[in-house]
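Following: one structure in structure tokens, then a few remarks.
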Amino acid sequence: MSTWEPVIGLEIHVQLKTRTKMFCRCRVGFGAEENSQTCPVCLGFPGALPVPNRTAIEWVVKLGLALGCEIAERAVFARKNYFYPDLSKGYQISQYDLPSCVNGNMIVSLAEGQHEIGIVRAHLEEDAAKNVHVGGRTGRIGGAEYTLVDYNRGGTPLVEIVTAPDLHSAEEAKRFLQLLRQTIVELGISDAEMEKGTLRVDANVSVRPAGSEVLRTRSEIKNMNSFTHIARGIDAEVARQIEVWESGGEVEQHTYDFDVGSGALTARRTKEEADDYRYFPEPDLAPVEPPAELVDRLRFELPELPAARIARVMKKLDHDRALVLVTGGLDRLWEATVAAGADGVAASNVIANQLVASGARPGAVDPTELAKLVDARERIPRATFAEALGKIGDHGFSAEPYLAMESVSDTSELEPIVDAVIAANSAQVEQYRGGKEGLLGFFVGQVMKETKGRADPRVVNELVRARLAP
Amino acid sequence: MSAVVDTLRLTAEEALALVERGDVSPAELHAAYLDAIGERDAELHAYLRTVEYDGATSIPIALKDVISTKGLETTAGSRILEGYVPVFDATVTSRCRQAGLSVLGKTNTDEFAMGSSTENSAYGPSRNPWDPARVPGGSGGGTAAAVSAGLAPWGLGSDTGGSVKQPSALCGNVGLRPTYGTVSRYGIVAFASSLDQVGPVAKTVRDVALLYRIVSGRDPADSTTVELSEPVELPTSERLDGLRVGVPRQAVALEAIEPGVRAAFHSSLALLGELGAELDECDLPLSFDYGMPCYYLIAPAEASSNLARYDGVRYGRRSDGATYRETVERTRDDGFGDEPKRRIMLGTYALSAGYYDAYYGQAQKVRTLLVREHAAAFERFDVLATPTSPTVAFPLGDKAADPLAMYACDLLTIPSCLAGLPGLSVPCGFSEGLPVGLQLVGPQFGENALFRAGHAVERALELDLVPERLR
Amino acid sequence: MAISRDQVLYVAKLARLELGEDELERLTSELGAILDAVSKVSELDLADVPPTSHPLAVVNAWAADEPRDSLPLEDVVRNAPAVEGRMFRVPPTT
Ligand SMILES: [Mg+2]
Ligand SMILES: [Zn+2]
């Protein structure tokens, strides 16, 4: 059996969190009553005209800069013509042959090294409205009795990001998306939450014999609503295609919906004229020619980006730890904590695991205090350490009182207490010596209780065991 | 006649003076026009609907039925919009209301402004006040007929390839197609977005300039508008000394121009010379050969997309089918008349996969050449002069069966529309007892020069522009 | 430049027009004639000419991201052929 290489490209739609829609000043947002955020423009009433949202235009440039794209000196909106009830004008306004951002890349760090993923383009467009399918078997599209349309979402600004087919495994696609998502969130332009639909991903998947440069027929997978589903969907499609080729068949170009429940891919019905969108420049809108000062300002405002930060963190930590810290938004705290004297690996473990579990907000933590705790974590009682992490986000937190709770491991201090416990529990001593060794924990527990948890359990263990030996 | 004023000869300026002096109240004036409409519009069918006086402080105005009026049915002459009542005013409508104008009613139009005779209205044709057996031109035949017959002091039309200028010529009015981008399209039922412009129609050049002053200027709701580069001037001079007038050789050579039209045009050129203008021939080698084909690719392409919103979901008539798709197909088949269907088909084809480059793409490049050759002409001239229409008003039904013959009506108006330039049609004489229009085309934002030239011609000629049969 | 009946049918599908048999036939011949006339644009060699999609050289016409009032529901659905609750109702999409 020859080995197959998956070839994956992604198309990502991100809803921008501007206050208003892309081409009208209706509010954007979830949970409003149906059709309460609509106007003549987003309802496509006769004579209504689009006016672009300046913030959305700035944000796509900002994202383009973050993805290393060239910012087009001239971007042009076009009309993509097709009919669907969720499309109020009979066309979607979208940048087409002259998008705002082209030719970027993002570095994905994998265990085996860094991999550059090409960004073909990032462009602005408007979201469709929402169809609600009513009646029939399941309320899904097929078999519904009728459809209701809510235009609130219609016209929400979207950025569509298209990658080159540079991804070669489901895992890599997932890593890329995690990094992209973190970048978008840190730019402050979108919540980018898949469950809410503010981040949506379609994957184009094909396979080819390893070593081949030829691209084979690809299929498209839609409707995956978590990173895990994306990985599963891609894996399923890769396996299916390999099987088709190996059994002497031919992969056909199809669009599949990923069924979350069964993990199965269902092919969509194709119409003969489905892809003839008759794009042409939108005559109701002027071209976008972002002034150089604007682009410079946006470039200046860019924060240091996740990919760069992962590379830097990886000088001290392994890739997995670096990824967790950066995509969790924890790397800055980690760096400060290490700078304050903490061990890198130890700080990473504490921050990525215990600190996150404690619910403390990373931004509220004083790294100097955290560094002290990390340093003392072996020396203070577990419960004390946990308690300290629980409070570390509080205003004015100081590690000192917790550090003072350093465990008692001095045997001369502990021996009298152990003796007293043994003397007070003669019945249990007899049972233990009779073979019920499980009682060891009981004695240790009593000692811990007497010392209010400060005794070092390992030392107590040894002492108790020695004293009880027959 | 019961009314306090005779509206037949009343210009907008005169009407404004009457109201200002308190000789007539706005309500009385509005009523006088409604009376005239009651008297003469059964024959002309200039109006699709009229409205009662609404408390406005100035004189009335007629609006072409592609202009949205809040609370007042707006159909664009189409069955598919029958019963559609806009919930917002077009920007030009609000500017008229802010100026105190009262809306008299909505005037007839070819369906979606597609046509040159108003015969394509789903609600029946309008007729020419000079001869009711003839068309008033189109698509703004309703507004033109209304102004000509004294059924409105002035009105607004929309011009995509000649729909203000051509009916103005055929009815003996003054009509302006403004520079693209100087008048808001917000609320105008769209035909072809890169060409549509709202323009005034009136009895005099000064009236047209006044109305242009009211409706022009940047509108934040229309991203393709700009502020005027200079304020609108009401013309006063009766001389044209130093005005450089170019006469495009290729336009004058067109065989389609009727002899009577040609004669009236040539005498108006002579008049321009007498008034002090410097005339010379000029060349626009591509405009009159390639303008038409270019227009009939670009306009239908944009129209096919603009008319996609008529799907029976949010407004308009709907013909139900078993599925959404069937419903949309049936709604559009039942709702659109022949001409919109023709243009939707043509435009869809010109944009479709495999044909875009040969048709729409190529037409956009031709458009570049037309823009360039007009720009070159305006390095030498202030104004270009041609007839507005190759013919006078033609009998109803004459061209109805032949789309290409109808399209040829706009042969002379189309090129400057593609270049986004302003054009003014001014009455310049008669042929067979019917009015002939002189088209004056200017460079971008050159309206004031057009007003000056048109005003001088108008004063010098002193034509009686009330249709003989109504005098 | 003739256009075939199949092409006309395809375009009608794209444009969502349910054409009757008569109409289809008439449009096939009319569109053929019109295409003949407009094909004149292909006589010109325009390889080096840039396209003009708009006659006005405006760029960067945009508005600040500041909300305005949306329409009240009665205006949203005032002209709708079919409404259920607050939503537009259409026959099933398949
Ligand atoms: Mg998209
Ligand atoms: Zn809106």
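A note on names: the letters A, B, ... follow the listed sequences, proteins ahead of strands, and every chain is numbered from 1. Note that this is a predicted model, so its numbers are computed, not measured.
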_Option passing side-chain contact (heavy atoms from CB on, under 4.5 Å) with B:Met345 (candidates C:Thr28, C:Val11, C:Ile34)_ =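 The side-chain contact (heavy atoms from CB on, under 4.5 Å) with B:Met345 is passed solely by C:Val11 among C:Thr28, C:Val11, C:Ile34.
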Would you say [X] and [Y] make side-chain contact, with heavy atoms under 4.5 Å?
{"X": "C:Arg78", "Y": "B:Tyr84", "result": "no"}
{"X": "B:Ser223", "Y": "C:Val58", "result": "no"}
{"X": "C:Leu35", "Y": "B:Tyr349", "result": "yes"}
{"X": "C:Arg16", "Y": "B:Asp311", "result": "no"}
{"X": "B:Gln362", "Y": "C:Leu46", "result": "yes"}
{"X": "B:Asp333", "Y": "C:Glu23", "result": "yes"}
{"X": "B:Arg318", "Y": "C:Pro91", "result": "yes"}
{"X": "B:Lys341", "Y": "C:Leu19", "result": "yes"}

* If you count the non-hydrogen atoms of other residues, nucleotides and ligands that lie under 6.0 Å from NZ in B:Lys70, is the total more than 12? ->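 It does not: B:Lys70 NZ has 12 such atoms or fewer within range.
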(request) Flag yes if more than 12 heavy atoms outside C:Glu84 fall under 6.0 Å of its CD atom; otherwise flag no. (result)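 Check passes, neighbour count above 12.
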Check the pair C:Lys13, B:Glu329 against salt bridge (Lys or Arg N to Asp or Glu O under 4.0 Å), reporting the backbone distance first and the verdict last. CA-CA 8 Å; C:Lys13 274 187 190 169; B:Glu329 289 176 336; over 6 Å; no
Exercise. Give, for atom OH of B:Tyr359 and atom OG of C:Ser39, the distance between the pair rounded to the nearest 0.5 Å.
Key: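 One finds 3.5 Å between OH of B:Tyr359 and OG of C:Ser39.
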At what distance, to the nearest 0.5 angstrom, does OG1 of C:Thr52 lie from CG of B:Leu370?
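Rounded to the nearest 0.5 Å, the OG1-CG separation comes out at 9.0 Å.
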- Message: Check this for me: does any side-chain nitrogen of one of C:Glu30 and B:Arg342 sit under 4.0 Å from a carboxylate oxygen of the other?
- Response: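 Looking at B:Arg342 together with C:Glu30, the answer is yes, because their closest N to O distance falls below 4.0 Å.
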**Interface residues of residues 61-69 of chain C facing chain B - heavy atom cut-off under 4.5 Å** =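 Against chain B, the residues of residues 61-69 of chain C that fall inside the cut-off (heavy atoms, under 4.5 Å) are C:Ala61.
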Part of [X] within contact of chain C (heavy atom distance under 4.5 Å):
{"X": "B:Ala419", "answer": "backbone"}
{"X": "B:Tyr310", "answer": "neither"}
{"X": "B:Phe88", "answer": "neither"}
{"X": "B:Asp338", "answer": "side chain"}
{"X": "B:Leu418", "answer": "backbone"}
{"X": "B:Tyr295", "answer": "neither"}

Taking the side chain from [X] and the backbone from [Y], do they hold a donor-acceptor pair closer than 3.5 Å?
{"X": "B:Ser194", "Y": "C:His54", "value": "no"}
{"X": "C:Asn79", "Y": "B:Val85", "value": "yes"}
{"X": "B:Arg330", "Y": "C:Leu17", "value": "no"}
{"X": "B:Arg314", "Y": "C:Ala80", "value": "no"}
{"X": "B:Gln444", "Y": "C:Pro55", "value": "yes"}
{"X": "B:Thr323", "Y": "C:Thr93", "value": "no"}

If you take all heavy atoms of [X] and [Y], which pair is closest and at what distance?
{"X": "C:Pro92", "Y": "B:Ala322", "answer": "CD-O, 3.5 Å"}
{"X": "B:Leu404", "Y": "C:Ala37", "answer": "CD2-CB, 3.9 Å"}
{"X": "C:Ala47", "Y": "B:Lys365", "answer": "O-NZ, 4.1 Å"}
{"X": "B:Pro293", "Y": "C:Val41", "answer": "CB-CG1, 3.8 Å"}
{"X": "B:Thr368", "Y": "C:Pro51", "answer": "OG1-C, 3.4 Å"}
{"X": "C:Leu56", "Y": "B:Tyr180", "answer": "CD1-O, 3.4 Å"}

Specify which of [options] makes the most heavy-atom pairs with chain C at under 4.5 Å.
{"options": "B:Val313, B:Thr327, B:Val328", "value": "B:Val313"}
{"options": "B:Leu307, B:Ile344, B:Asp320, B:Leu297", "value": "B:Leu297"}
{"options": "B:Arg332, B:Glu326, B:Arg372", "value": "B:Arg332"}
{"options": "B:Val366, B:Asp402, B:Leu421, B:Asp334", "value": "B:Val366"}

Measuring heavy-atom distances to chain B, does [X] have an atom under 4.5 Å in its side chain, in its backbone, in both, or in neither?
{"X": "C:Val8", "result": "both"}
{"X": "C:Leu27", "result": "side chain"}
{"X": "C:Arg89", "result": "backbone"}
{"X": "C:Ala57", "result": "neither"}
{"X": "C:Glu74", "result": "neither"}

Q. Which residue out of C:Pro81, C:Ala15, C:Ala12, C:Gly20 racks up the most heavy-atom pairs below 4.5 Å with chain B?
A.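 Between C:Pro81, C:Ala15, C:Ala12, C:Gly20, the count favours C:Pro81.
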